[in-house]
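Working notes for the structure below.
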There are 2 protein chains.
Amino acid sequence: MKKVTIEDVARLAGVSKGTVSAVINEKTTVNSETRKAVLNAIKELQYRPRGSARNLKTTTSENSIGLLIRELDNPFYTAIALGVMGYARNKGYLVLIASSEGNHILEENITKSFSIKDIKGAIIAPVLEGTAEIEHLFRLKMINFPFVLLENVKGIQANVVSIDNIKAMNKAVKYLIDNGHSRIVHFAGPKHASHTYERIDGFRRAYSESLFAFNSDMIVPTGAHLEDGYKKCLEYFHNRNREDFPTAIVCYNDLVALGVMAALLEMKIKIPEEISVVGNDDIPFSRHIPVPLTTIRAPMFELGKKAAEILIRNIESPQPLPIENVVLEAEFVVRKSTKTLLSYPKG
Amino acid sequence: MKKVTIEDVARLAGVSKGTVSAVINEKTTVNSETRKAVLNAIKELQYRPRGSARNLKTTTSENSIGLLIRELDNPFYTAIALGVMGYARNKGYLVLIASSEGNHILEENITKSFSIKDIKGAIIAPVLEGTAEIEHLFRLKMINFPFVLLENVKGIQANVVSIDNIKAMNKAVKYLIDNGHSRIVHFAGPKHASHTYERIDGFRRAYSESLFAFNSDMIVPTGAHLEDGYKKCLEYFHNRNREDFPTAIVCYNDLVALGVMAALLEMKIKIPEEISVVGNDDIPFSRHIPVPLTTIRAPMFELGKKAAEILIRNIESPQPLPIENVVLEAEFVVRKSTKTLLSYPKG
DNA sequence: AAAAATTGTTGAACCGTTTCAATCAATATA
DNA sequence: TATATTGATTGAAACGGTTCAACAATTTTT
């Protein structure tokens with residue numbers, strides 16, 4: 001089954017290629033009889049114009065950028081996407097989103113696809129399995145394909161926009177310690193995400209700057225989803241004596257915190273009376289639940305916006321621009337899911 | 001500033017186009033000295049190969065499909081996307097997602113972009129402003145670009161995969177009526193979405209099939225987001241006497257229901273003791289909240305999967321295939337946010 | 001030393017469109 | 001009737017890569 005080209009259509013309709021082209025592009029110059037004949041031929045042959053051939057000739061080629069996120073059903077990433085889209089749209093760029101769902105192979109395919117298609121640049125939230133799996137990023141550099149990373153990746157010089165996870169987490173844990181919490185655990189995030197390690201790091205530092213000793217039992221590997229938090233929480237409290245309960249659980253993100261809250265509710269453990277819960281990210285839900293969640297507000301929208309800004313600046317610049325590394329601050333938001341254990345709270 | 005082509009690179013590096021091409025495509029045949037020279041020239045000139053020129057010649061062109069959704073931060077659409085992605089990936093297709101955010105112009109641009117890029121087909125959740133704004137869909141048909149719609153659109157013959165909203169809503173409202181609810185209101189969805197009207201229709205039919213009379217006050221225009229439900233609910237109950245309270249609120253979707261619940265909570269109106277609340281869609285959150293939400297489970301994942309299946313079948317078929325119209329059934333899930341008002345509940 | 005094999009490079013053909021000056025036919029104008 | 005004008009169509013030249021048979025230079029084998 002040979003491929004159908006504009007030539008075939010022209011032949012069947014008894015006209016020239018140029019005329020067929022004119023019909024497809026809805027030029028007004030075509031006689032309606034001819035037009036009809038061409039349309040028929042197109043249908044008859046099931047002709048579908050090849051975008052690549054068209055774009056090769058047409059310089060106009062509308063502008064678009066790619067956004068590679070790690071999880072589509074995570075409000076953290078969709079909020080970033082909204083930031084990207086808002087800015088990009090103002091600048092006349094369309095945003096095409098793909099999700100690697102944490103799969104490195106898929107990430108490679110997607111970045112490749114971005115660079116092959118008529119896409120001007122990309123914003124990438126990389127998956128970090130193993131150590132050195134970044135050839136695909138080097139490949140992008142080789143062909144001068146502009147991109148911005150949403151996480152630091154060791155071993156590559158590139159634009160990065162990220163959140164100061166360490167400091168943010170540090171602030172939250174310090175707050176808890178300062179308010180008399182002595183047994184805090186961290187329901188940590190998925191492997192292969194720099195956020196996970198940075199947040200653990202921040203947790204650890206808060207301890208090292210306190211009078212208490214850090215203990216690796218405090219880190220409970222969990223995941224990034226509501227279900228992860230839910231299951232891990234049930235598991236964690238199963239057969240645990242009340243006197244061994246932590247006084248606070250700091251979660252990798254709000255989704256996990258929501259899962260933890262659901263599990264605690266089920267086990268009839270009161271929040272914040274018995275256990276305080278802290279989230280991370282501040283997704284829209286978090287303030288609209290019965291016990292509004294204390295959390296660390298990540299400026300997701302701004303993150304996306306900033307990334308888009310840098311990317312588009314790079315796309316539009318004739319000369320190569322110096323590499324940028326922007327770190328945004330997160331804000332600690334105290335709501336109702338945490339309580340102080342001091343009779344005379346600090347501050 | 002003239003465009004840099006492979007020719008320019010070849011000239012600067014003192015080699016032929018073919019060699020430059022070999023370097024870019026990481027062929028092993030290139031001498032490492034030459035390779036280095038070419039790489040330098042690429043960097044020096046900031047050369048960026050054009051995808052379209054490459055794809056024109058290369059038949060391989062990896063497979064991808066487009067998915068146009070209406071709201072990125074709506075779990076309903078992301079769940080559909082996950083369904084699409086799962087199936088597509090098995091079949092070797094990448095999914096590129098774009099969101100129109102309810103904007104018709106943007107939708108047009110996106111569909112156009114899909115058809116121009118090397119994308120093989122698309123799944124589209126259309127925005128339905130006005131009546132006849134579907135020329136962009138006709139344009140797709142003209143060039144035999146395969147696509148599947150996620151909602152019925154009047155005036156166009158196309159593949160559609162949708163949910164039986166009317167029946168689903170009907171079932172839910174009938175359940176409430178059968179359980180003694182006499183004053184039910186519907187917090188309805190956004191304009192320009194067929195879901196909105198279908199759900200209203202289902203609501204109305206349930207009444208017309210009952211002993212009670214439908215009344216247009218029962219339909220309260222709201223929106224599709226948590227915030228919409230929250231605000232509208234506060235507004236609705238503001239200055240309303242307790243004896244005029246509805247016995248149940250049926251919401252456009254779970255997000256709205258969540259917002260309604262948050263507002264009711266704030267107003268200290270008990271769910272389900274004082275008012276029953278019903279959602280729509282069954283997003284993951286809905287079962288993990290203190291009062292798990294009674295809702296209508298839309299088979300979002302299956303919806304996406306089915307759409308992808310039809311699309312890919314069409315893409316891969318040499319002949320045009322008959323148009324398909326698949327309607328999936330939703331399931332009514334009773335949880336804790338509704339109660340019966342009968343002393344002897346039916347069933 | 002001749003023949004064969006290996007390695008690296010070239011350059012022309014090709015991919016499938018769009019573009020636009022040139023042409024042609026039909027009609028309006030002088 | 002000759003000349004412009006208008007409307008519709010043509011066809012050849014791009015567009016910017018990839019491909020691959022052919023060739024050149026070098027190395028290995030006989």
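Values reported hereafter were calculated over all heavy atoms of this structure, with side chains retained and with hydrogens, waters and symmetry mates removed. Letters A, B, ... mirror the listed sequences (proteins, then strands); counts begin at 1.
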Please report the distance, rounded to the nearest Å, between [atom1] in [X] and [atom2] in [N].
X: N25(B); N: dC20(D); atom1: CG; atom2: P; result: 12 Å
X: R48(B); N: dG17(D); atom1: CZ; atom2: P; result: 10 Å
X: I24(B); N: dT19(D); atom1: CD1; atom2: C1'; result: 14 Å
X: K27(A); N: dG7(D); atom1: NZ; atom2: C1'; result: 16 Å
X: R11(A); N: dT10(D); atom1: CZ; atom2: P; result: 14 Å
X: N31(A); N: dT10(D); atom1: CG; atom2: P; result: 11 Å
X: I6(A); N: dT9(D); atom1: CD1; atom2: C1'; result: 14 Å
X: K57(A); N: dG17(D); atom1: NZ; atom2: P; result: 14 Å

Would you mind classifying the nucleic acid contact of [X] as base, sugar-phosphate or nothing, using non-hydrogen atoms under 4.0 angstrom?
X: T19(A); result: base
X: V20(B); result: nothing
X: T34(B); result: sugar-phosphate

Return yes if the base of dT17(C) and the side-chain atoms of K17(A) contain a donor-acceptor N/O pair under 3.5 Å, otherwise no.
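Present.
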Phosphate contact ([N] OP1 or OP2) by [X] side-chain N/O below 4.0 Å:
X: N55(A); N: dC15(D); result: no
X: T5(A); N: dG16(C); result: no
X: S16(B); N: dT9(C); result: no

Shortest side-chain distance from [X], nucleotide among [options]:
X: L56(B); options: dT19(D), dT19(C), dC15(C); value: dC15(C)
X: S21(A); options: dT10(D), dT19(C), dT18(D); value: dT19(C)
X: A53(B); options: dA8(D), dG16(C), dG16(D); value: dG16(D)

In terms of the nearest nucleotide of DNA chain D, which residue is placed more toward the 5' end: G14(A) or P49(B)?
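First, find each residue's nearest nucleotide; the 5'-ward one identifies G14(A).
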Checking E324(B) against R313(B) for the salt bridge (Lys or Arg N to Asp or Glu O under 4.0 Å) test, could you report, in this order, the C-alpha distance in whole Å, the side-chain angles of both residues, the deciding distance, and whether it holds?
CA-CA 11 Å; E324(B) 297 192 52; R313(B) 180 159 55 243; 2.7 Å; yes
Scan H192(A), E107(A), H195(A), E151(A) and name whichever one has a side chain to side chain donor-acceptor pair (under 3.5 Å) with R70(A).
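Going through the options one by one, the only one that passes is E151(A).
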Starting from the C-alpha separation in whole Å, work towards a yes-or-no answer on salt bridge (Lys or Arg N to Asp or Glu O under 4.0 Å) for E309(B) and K305(B).
CA-CA 6 Å; E309(B) 189 188 317; K305(B) 189 177 154 181; 5.9 Å; no
Considering residues at least two apart in sequence or located in another chain, which fulfil the side chain to side chain contact (heavy atoms under 4.5 Å, CB included) criterion with S21(A)?
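With neighbours one apart ignored, the set is I6(A), N25(A).
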Rounded to the nearest 0.5 Å, how far apart are OG1 of T5(A) and CZ of R50(A)?
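Going from OG1 on T5(A) over to CZ on R50(A), the span is 7.5 Å.
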